[in-house]
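Let me begin by presenting the structure, written as C-alpha cells, before commenting on it.
Atoms within a ligand are numbered from 1 in the order they appear, just like the ligands themselves. A quick note: this is a predicted structure, and the numbers were derived from the prediction, not measured. Heavy atoms only: backbone and side chains are in, while hydrogens, waters and symmetry mates are out.
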Amino acid sequence: MSNFIQVTRSSMPNFDEYIEEIKDLWDSQWLTNMGNKHNKLEAELVKYLGTSNISLFTNGHLALECAIAALNLTGEVITTPFTFVSTTHAILRNGLEPVFCDINPYDYTIDIDKLESLITYKTSAIIPVHVYGNVCNVAEIERIAKKYNLKVIYDAAHAFGVSINDVGIGNFGDASMFSFHATKVFNTIEGGAVTFKDENFKNKLNSIKNFGITGPESIEDIGINAKMNEFQAAMGICNLKSIDKNISKRKDIVERYIENLTNIKGVKLIKEQKNVKSNYSYFPVVFDGYKISRDKVYQLLKQNNIIARKYFYPLTNTLDCYKGRFNIEDTPIAKYIADRVLCLPLYSDLSIEHVDRICNVIKAR
Ligand SMILES: *Cc1c(COP(=O)(O)O)cnc(C)c1O
C-alpha cells in the first residue's frame with residue numbers, strides 16, 4: 001500500500017550488490033566467529049566512526065550487556081528512564097540496580113544538574129543515553145565520573161555517525177554501544193558494536209561475546225554468545241557505502257518537517273545542538289498545549305494511514321516487569337515529555353510529499 005506511511009523503513013543495499021558481497025562465503029564456508037567480513041566491517045567502522053577500537057556484536061542489546069559485564073560493575077548504576085527498554089534491562093540483567101536520573105527539558109538527555117546528588121557509595125557507573133542522537137553533556141559527565149571514580153558507558157544506539165566538534169561520538173566515556181538494528185540509521189539486519197579507548201578492553205569484550213573462550217583449552221570468563229555473523233557483516237559492508245547519502249536525505253526530510261511545524265502554538269521541536277553533526281535519526285515532536293493532545297494526534301495520523309510512535313512512552317521505570325520497584329515521581333521531566341512526545345515517520349526514502357501530507361494532517365485539525 002503506497003498510501004500507507006510506516007514510522008520507519010530499513011535501508012537496504014541493491015540486491016545484486018549484497019549477493020556479490022556474500023558470494024565468496026560459499027568458497028570459504030566460514031559463516032561466523034570473526035570471519036573476513038566481520039573483520040573488514042570492524043576496520044571500516046573504526047574509520048567511519050573515528051574511534052580507536054571497536055568490537056562487533058550480534059545486536060546492540062547484547063553489546064551493552066557485554067560492555068557492562070566487561071567493566072566489572074557493582075551495586076548501583078545511574079541512568080535515565082527516557083530510553084528504549086534495552087538500557088534498563090541490560091543493567092538489571094547484569095545483577096545491578098538502576099538509579100533513575102531525570103532528563104533535561106531541552107534535548108531529553110540526562111540532567112547533569114541532578115546527577116551528582118544520586119551518587120552513593122554503591123554507585124559504580126553512569127549509563128547515559130544519547131537519546132534521538134542528541135548528544136549528552138559529555139564534558140560534565142566526564143568531570144563527575146572522574147571526581148567519584150565512576151565508569152561511563154554511553155547508550156549510543158541512536159547516535160551512529162554523530163560527532164561533536166568533529167570528534168566521533170564513540171570516543172567518550174569508557175565505552176559506547178551502537179545498535180545496528182534494522183530500524184536504525186545504519187543496519188546489519190540485527191547487530192551492534194562497542195567502541196572504547198582502552199586497547200586491552202578488546203580481549204575482554206571478545207572473550208565475553210564468545211562464551212569466555214580465550215584459547216583452545218581456556219575459558220576465563222562466564223561469557224555469552226553475542227558474535228556478529230558473516231551475513232550480518234556483509235549487510236553492514238554494503239549499507240556503509242550509502243550511509244552518507246542516506247543521512248543527507250534524512251537531513252532534507254527533517255528540514256522539511258521543521259519548515260512545516262515551526263511557530264505553531266503548542267508544537268515543540270528540539271533545537272539543533274551547537275557544534276554537533278547530527279544523523280537525523282528521529283523526529284520527535286512534543287505536543288504541549290496544542291489544540292489536541294499527543295494521543296489524539298497519534299489517532300488522527302493513524303486514521304490517515306500514517307504510523308507515528310510514542311517513543312519513549314511508557315518510561316522504563318514504569319514498565320509492568322518492574323512493578324513496584326521504581327517511582328516515576330523521581331523523574332518528573334521524563335514523565336512530562338513521555339506523556340506528550342510523538343516520533344513522526346522518518347527514513348531515508350520518505351518523500352517530501354509524504355512529509356507535507358503528514359504535517360497537513362496534524363495542522364488541519
Ligand atoms: C535499539 C536500541 C537498543 C538495542 O539495540 P538492539 O540492536 O535492538 O538490540 C538499545 N538502546 C536504545 C536506546 C535503542 O534504541
Below 3.5 Å, can you tabulate the donor-acceptor pairs from side chains in residues 263-270 to any protein atom, sequence neighbours excluded?
residue, atom, partner, partner atom, Å
K268, NZ, P105, O, 3.0

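For the residue pair D295/S293, the side-chain donor-acceptor check at 3.5 Å is not satisfied. With 3.5 Å as the limit, one finds no donor-acceptor pair spanning the side chains of N36 and S28. In summary, the side chains of Y336 and D288 do present a donor paired with an acceptor at a separation below 3.5 Å, with no hydrogens or angles considered.
Using a 4.0 Å cut-off between a side-chain N of Lys or Arg and a carboxylate O of Asp or Glu, D174 and K197 do not qualify as a salt bridge.
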What are the distances between nitrogen or oxygen atoms of ligand 1 and protein nitrogen or oxygen atoms, counting only those under 3.5 Å?
residue, atom, partner, partner atom, Å
ligand 1, 5 (O), S179, OG, 3.2
ligand 1, 7 (O), G60, N, 2.8
ligand 1, 7 (O), S179, OG, 2.7
ligand 1, 9 (O), G60, N, 3.3
ligand 1, 9 (O), H61, N, 2.8
ligand 1, 11 (N), D155, OD1, 3.4
ligand 1, 11 (N), D155, OD2, 2.8
ligand 1, 15 (O), H158, NE2, 2.8
ligand 1, 15 (O), K184, NZ, 3.2
ligand 1, 15 (O), Y311, OH, 3.4

Worksheet entry | From CA spacing to verdict: side chain to side chain contact (heavy atoms under 4.5 Å, CB included), N210, N206 | CA-CA 6 Å; N210 190 26; N206 284 354; over 6 Å; no
